[in-house]
Amino acid sequence: NAGVTQTPKFQVLKTGQSMTLQCAQDMNHNSMYWYRQDPGMGLRLIYYSASEGTTDKGEVPNGYNVSRLNKREFSLRLESAAPSQTSVYFCASSEYDGTGELFFGEGSRLTVL
Amino acid sequence: GENVEQHPSTLSVQEGDSAVIKCTYSDSASNYFPWYKQELGKRPQLIIDIRSNVGEKKDQRIAVTLNKTAKHFSLHITETQPEDSAVYFCAASRPGNTPLVFGKGTRLSVIA
């Protein structure tokens, strides 16, 4: 019972490099989310996908792009990484919309030098 | 949009004492208020939630209260234990395809 799986768990990038964080859920959930967590800032929403085929910006979308590849997978791309994007990234899913339990992945720790 | 304020940011209690964490929200249309617990190095996990048609909900040592008029809700942990030490996040959302908005978190330390 994997739940929400995200890769990689750790990544170090140099400023200007690009990378994609992958996320997959096996619970047949409709909604998927990408959050970033920084000390003292809580969980801030980057992008979300309320259903397959739709994506919307969250609170802090600048510097990121997303793709809802299918119902299971939701990827986050950093086109040109910046030190301000050093953070822990969490993917999450929920059955429907924001009024149900969020299931989080284990997190991906990204460092941009 | 919704704004969720959470206090305090840190809280230390003696084992066996109670802990209370408070949150306020801005959007009167919000109707779902969950609480998540995040242990060190782990993912956040739902511990309890409440919907706007209920004023209080309990689950063993944990309870949540909601005051819709004042737009605030609180988490109460009784008989705290060392394993309650974690960061706790409150959140709020409204109906429809709008995602949860989280508070900034409270780091609870239970001292044995």
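Because the structure is a prediction, the values reported are computed rather than measured. In what follows, chains carry the letters A, B, and so on, assigned in the order in which the sequence lines appear, proteins first and then strands, with residues in each chain numbered from 1.
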- Message: Does A:Arg109 have more than 12 heavy atoms from other residues, nucleotides or ligands lying within 6.0 Å of its CZ?
- Response: no

- Roughly how far apart are A:Leu43 CG and B:Lys104 NZ, rounded to 0.5 Å? 11.0 Å

- So, the part of B:Gln45 with a heavy atom under 4.5 Å from chain A: the answer is neither

- For the hydrophobic clusters of this structure (ILVMFWY residues joined by side-chain heavy atoms under 4.5 Å, transitively), does one cluster hold both B:Leu108 and B:Tyr36? no

- Message: Does any backbone or side-chain atom of B:Phe33 lie under 4.5 Å from a heavy atom of chain A? Answer side chain, backbone, both or neither.
- Response: neither

- Query: Taking all atoms of both residues into account, what is the closest heavy-atom pair of B:Pro99 and A:Tyr33, and its distance?
  - Reply: CB-CE2, 3.6 Å

- Taking every non-hydrogen atom, the tightest pair across B:Arg43 and A:Phe90: CA-CE2, 3.9 Å

- Query: Within a reach of under 6.0 Å around CG of A:Leu113, are more than 12 heavy atoms found that belong to other residues, nucleotides or ligands?
  - Reply: yes

- Message: Is there a continuous path of hydrophobic side-chain contacts, each under 4.5 Å between heavy atoms, that joins A:Phe103 to B:Leu46?
- Response: no

- What about B:Phe73 and B:Ile62, same hydrophobic cluster or not, with Ile/Leu/Val/Met/Phe/Trp/Tyr joined at side-chain heavy-atom distances under 4.5 Å? yes

- Query: If you round to the nearest 0.5 Å, how far is OH of A:Tyr48 from OG1 of B:Thr98?
  - Reply: 7.0 Å

- Message: With chain A as the partner, which of B:Pro44, B:Ser93, B:Pro95, B:Ala92 has the greatest number of non-hydrogen pairs under 4.5 Å?
- Response: B:Pro44

- dist A:Glu106:CD -> B:Lys42:NZ (nearest 0.5 Å) comes out at 9.0 Å

- Under a 4.5 Å side-chain heavy-atom rule over Ile, Leu, Val, Met, Phe, Trp and Tyr, are B:Val87 and B:Val13 clustered together? no

- Using the rule that two of Ile, Leu, Val, Met, Phe, Trp, Tyr join whenever any of their side-chain heavy atoms come within less than 4.5 Å, decide whether B:Val101 and A:Val60 are in one cluster. no

- Item | Heavy-atom pair of closest approach, residues A:Leu102 and B:Phe102 | CD1-CZ, 3.9 Å

- Task: Can you establish whether the number of heavy atoms outside A:Gln17 located under 6.0 Å from its atom CD is more than 12?
- Result: yes

- Check each atom of A:Val4 against the heavy atoms of chain B and say whether the ones under 4.5 Å are side chain, backbone, both or neither. backbone

- Task: Examine whether an atom of B:Arg107 lies under 4.5 Å from a heavy atom of chain A, and if so say whether it belongs to the side chain, the backbone or both; otherwise answer neither.
- Result: neither

- Query: In terms of heavy-atom proximity below 4.5 Å to chain B, should A:Tyr35 be classed as side chain, backbone, both, or neither?
  - Reply: side chain

- Message: If I measure from the heavy atoms of chain B, does A:Glu59 come under 4.5 Å with its side chain, its backbone, both, or neither?
- Response: neither

- Task: May I ask you to check whether over 12 heavy atoms, not counting those of B:Gln60, lie within 6.0 Å of atom CD?
- Result: no

- Task: Step through the shown structure and confirm whether more than 12 heavy atoms of other residues, nucleotides or ligands are within 6.0 Å of NZ on B:Lys68.
- Result: yes

- Message: Using heavy-atom distances under 4.5 Å, tell me whether B:Pro34 contacts chain A through its side chain, its backbone, both, or neither.
- Response: neither

- Note on the structure: Given B:Arg94, B:Gln38, B:Gln6, the one with more heavy-atom pairs under 4.5 angstrom with chain A than any other is B:Gln38

